[in-house]
A.B. asks: 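My structure is below; once you've seen it, I'll send some questions.
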Amino acid sequence: MSEPKKILSADPHASFSAHEGEIRAALDRVLVSGHYVLGPEVTAFENEWSAYQGGGYSIGVANGTEALELALGALGVGPGDKVATVANTVSATAAAIQQIGAQPVFVEIEADSMTLSPAALAEVIMREGIALKAIVPVHLYGRTAAMPEIVELAQKHGIKVLEDCAQAHGAVCAGRKAGTWGDAAAFSFYPTKNLGALGDGGAVFTRDHSMAQRIGALRQYGWRQRYVSAEPGRNSRLDEMQAAILRVKLNYLDAENARRARYARRYLELLQASPLSLPLADDAEVISAWHQFTVRTPHRSDLQAKLVEQGIHCGVLYPVPLHHQPAYAAKVQLPLSERACAEVLSLPVHPGLSAEDIDRVSAEILRWSSP
Ligand SMILES: *Cc1c(COP(=O)(O)O)cnc(C)c1O
């Protein structure tokens, strides 16, 4: 008997194969150009990414974590400050806050969207007072957090907002793209993201010209003029090869997100009959980038094991909430975040899959739930 075809939870190789000819041509162009770091491809990608966002400034950097760090620094967050974020995110979000000497304050999520709760945020703002300098909502799994409410609260209290858009390239909230709500946004182009390079990459997006200039300096030793550091900076440069690859892939982002959305609708329809809690569907308010299709069940390990037996790989994003991790341990009670981390399972939804793959995953889940 032949093994069933493997269905991976992410497939950067498939994403390369789908655009192989164009990517090889782009790399050839870079190889002979003589520019390898922060050159014309990076500038062109920055302009194209800003245009995709509907206007503004993009600054290409080394990865998504450093995009968060540089943006926080440029927003005036520093040692001793507090930054509100969620606990059900990847370590990178908290790492960026800690790297600049600030302290993360973990805020509870909404039960249904699993993103930052505006009501819980209001309480944290009251409790922390002026120590709280910024809010980093995470658009988890591709779905935007409740940005109109979060931005309103932030503005009322004079707190900056930095959107963690690492999972939300192209997502929309109330008619506006993810990344255009806050004072700044951080994107990651890690290979498995909706817009992924073939190595590390990231960008800060902002509509504020002087902030863009500041981040442009901070990413390269604080230089405003070559070899002269105007302020302490670092090296967080994006290279030409990654930028050239991203320019190819950006042309397909909307089509690939549409394919993810089709697969998500199919799952929502087929899994209606299962006992799983399903993610919120797109509606007039939110269009998810469907970075992940994340279901919930108290029997997660059982379901995951059953699917792996069939060659179907799923992600657990994220198994341990940040306030329970040794590096970020905090004595807060976040029952909804804790429960989410215990129950979530992300089914394969990337554009390298076929509609038949989605049907096969769904059929296996239904077989598991009513054998
Ligand atoms: C991937 C990711 C990051 C970090 O991006 P890197 O490029 O890996 O540094 C930050 N936040 C979230 C939510 C992510 O998914």
Side-chain angles (χ1 to χ4, degrees), residues 45-46 48-72 74-75 83-86 88-97 109 113-116 134-148 150-151 154 160-197 200-208 211-212 215 236 238 242 246 249-250 253-254 256-257 260-261 282 285-292 294 317-318:
F45 172 68
E46 289 172 339
E48 287 158 16
W49 185 243
S50 300
Y52 181 81
Q53 291 295 98
Y57 307 95
S58 298
I59 304 94
V61 298
N63 56 61
T65 310
E66 292 183 355
L68 288 165
E69 283 180 50
L70 292 168
L72 284 171
L75 287 170
V83 177
T85 191
V86 289
N88 62 331
T89 177
V90 70
S91 307
T93 312
I97 295 168
I109 54 173
S113 70
M114 292 186 275
T115 57
L116 189 112
I135 303 161
V136 182
V138 178
H139 303 319
L140 193 70
Y141 310 139
R143 189 184 169 86
T144 52
M147 292 316 292
I150 292 168
V151 166
K160 302 288 187 190
V161 175
L162 168 62
E163 297 174 70
D164 184 338
C165 293
Q167 303 188 0
H169 314 73
V172 174
C173 175
R176 288 168 55 175
K177 281 237 167 79
T180 64
W181 284 88
D183 298 282
F187 287 89
S188 165
F189 306 120
Y190 184 75
T192 58
K193 310 290 187 186
N194 288 41
L195 178 60
D200 274 314
V204 178
F205 173 79
T206 178
R207 291 240 169 92
D208 180 332
M211 174 153 157
I215 292 168
S236 184
L238 181 62
Q242 301 310 332
L246 289 167
K249 292 220 195 160
L250 177 52
L253 176 60
D254 283 343
E256 291 180 350
N257 278 355
R260 288 172 184 270
D282 287 349
E285 181 81 358
V286 178
I287 302 170
S288 175
W290 293 104
H291 176 60
Q292 304 289 344
T294 303
L317 312 174
Y318 295 93

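Note that these values count all heavy atoms, side chains included, but never hydrogens, waters or copies made by symmetry.
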A.B. asks: Could you work out, with salt bridge (Lys or Arg N to Asp or Glu O under 4.0 Å) as the rule, every residue matching Glu46, not counting sequence neighbours?
C.D. replies: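 Arg219.
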
A.B. asks: Dump the intermediate steps for side chain to side chain contact (heavy atoms under 4.5 Å, CB included) on Phe189 and Asn194, then the final yes or no.
C.D. replies: CA-CA 8 Å; Phe189 306 120; Asn194 288 41; over 6 Å; no

A.B. asks: What residues form a salt bridge (Lys or Arg N to Asp or Glu O under 4.0 Å) with Glu48, not counting sequence neighbours?
C.D. replies: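 Checked Glu48 against salt bridge (Lys or Arg N to Asp or Glu O under 4.0 Å); matches are Arg247.
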
A.B. asks: For Tyr52 and Asp254, run side-chain hydrogen bond (donor to acceptor under 3.5 Å, both in side chains): C-alpha distance rounded to whole Å, both residues' side-chain angles, the deciding distance at 0.1 Å, then the answer.
C.D. replies: CA-CA 10 Å; Tyr52 181 81; Asp254 283 343; 2.6 Å; yes

A.B. asks: Please enumerate all residues that pass side chain to side chain donor-acceptor pair (under 3.5 Å) together with Asp282, with sequence neighbours excluded.
C.D. replies: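 Here the qualifying residues are Trp290.
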
A.B. asks: For the residue pair Leu238 and Asp200, what are the closest heavy atoms and their distance?
C.D. replies: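 Scanning both residues completely, I find the closest heavy atoms to be CD1-O, 4.3 Å.
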
A.B. asks: If I compare all heavy atoms of Ser288 with all of Ala171, which pair ends up nearest, and what's the gap?
C.D. replies: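 That would be C-CB, 4.3 Å.
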
A.B. asks: Please identify each residue that fulfils side chain to side chain donor-acceptor pair (under 3.5 Å) with Asn88, with sequence neighbours left out.
C.D. replies: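 Per chain and number, Asn88 pairs via side chain to side chain donor-acceptor pair (under 3.5 Å) with no residue.
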
A.B. asks: Partners of Thr206 by side chain to side chain donor-acceptor pair (under 3.5 Å), sequence neighbours excluded?
C.D. replies: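 Side chain to side chain donor-acceptor pair (under 3.5 Å) check on Thr206 returns nothing, list empty.
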
A.B. asks: Drop me the distance from Gln242's CD to Phe45's CZ, to the nearest 0.5 angstrom.
C.D. replies: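 If I round to the nearest 0.5 Å, the distance is 11.0 Å.
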
A.B. asks: For Asn257 and Gly170, indicate whether the former's side chain and the latter's backbone hold a donor-acceptor pair under 3.5 Å.
C.D. replies: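 It does not hold such a pair.
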
A.B. asks: Starting from the C-alpha separation in whole Å, work towards a yes-or-no answer on side chain to side chain contact (heavy atoms under 4.5 Å, CB included) for Phe187 and Phe205.
C.D. replies: CA-CA 8 Å; Phe187 287 89; Phe205 173 79; 4.0 Å; yes

A.B. asks: Ala74: what forms a side chain to side chain contact (heavy atoms under 4.5 Å, CB included) with it, not counting sequence neighbours?
C.D. replies: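 Counting only residues at least two positions away or on another chain, Ala74 forms a side chain to side chain contact (heavy atoms under 4.5 Å, CB included) with Met211, Arg214, Ile215, Leu218.
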
A.B. asks: List for me each residue that meets side chain to side chain donor-acceptor pair (under 3.5 Å) alongside Lys193, sequence neighbours excluded, and say none if there are none.
C.D. replies: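 Listed in chain order: nothing, the list is empty.
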
A.B. asks: Find the distance between CD1 (Ile59) and OG (Ser236) and round it off to the nearest 0.5 Å.
C.D. replies: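 Interatomic distance, Ile59 CD1 to Ser236 OG, rounded to 0.5 Å: 11.0 Å.
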
A.B. asks: Main chain of Ala166, side chain of Asp164: is a donor-acceptor contact present, judged purely on distance under 3.5 Å?
C.D. replies: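 At least one qualifying donor-acceptor pair exists.
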
A.B. asks: Write down the atom of Ala184, the atom of Val204, and the distance for their closest heavy-atom approach.
C.D. replies: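 Heavy atoms only, the tightest pair is CB-CG1, 4.4 Å.
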
A.B. asks: Can you find a pair of side-chain heavy atoms, one from Thr115 and one from Val86, that are under 4.5 Å apart?
C.D. replies: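 Sidechains of Val86 and Thr115: no contact.
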
A.B. asks: side-chain hydrogen bond (donor to acceptor under 3.5 Å, both in side chains), that's the test. Do Ser50 and Ser58 meet it? Break it down for me.
C.D. replies: CA-CA 6 Å; Ser50 300; Ser58 298; 2.9 Å; yes

A.B. asks: Can you see which heavy atom on Gly179 is nearest to which on Ala185, and at what distance?
C.D. replies: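 What the structure gives for the nearest pair is CA-CB, 3.4 Å.
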
A.B. asks: Sequence neighbours left out, what passes side chain to side chain contact (heavy atoms under 4.5 Å, CB included) with Ala96? Give chain and number order.
C.D. replies: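 For Ala96 the side chain to side chain contact (heavy atoms under 4.5 Å, CB included) partners, ignoring immediate neighbours, are Thr65, Leu68, Glu69.
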
A.B. asks: Would you mind listing every side-chain hydrogen bond (donor to acceptor under 3.5 Å, both in side chains) that reaches into residues 165-190, with sequence neighbours excluded?
C.D. replies: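 Sorted pair list: Gln167-Tyr318.
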
A.B. asks: Which donor-acceptor pairs under 3.5 Å do the side chains of residues 136-145 make with protein atoms, sequence neighbours left out?
C.D. replies:
from, atom 1, to, atom 2, distance (Å)
His139, ND1, Ala145, N, 3.0
His139, NE2, Glu163, OE1, 2.8
Tyr141, OH, Leu317, O, 2.5

A.B. asks: Please lay out, stage by stage, how Leu162 and Ile135 fare under the test side chain to side chain contact (heavy atoms under 4.5 Å, CB included).
C.D. replies: CA-CA 6 Å; Leu162 168 62; Ile135 303 161; over 6 Å; no

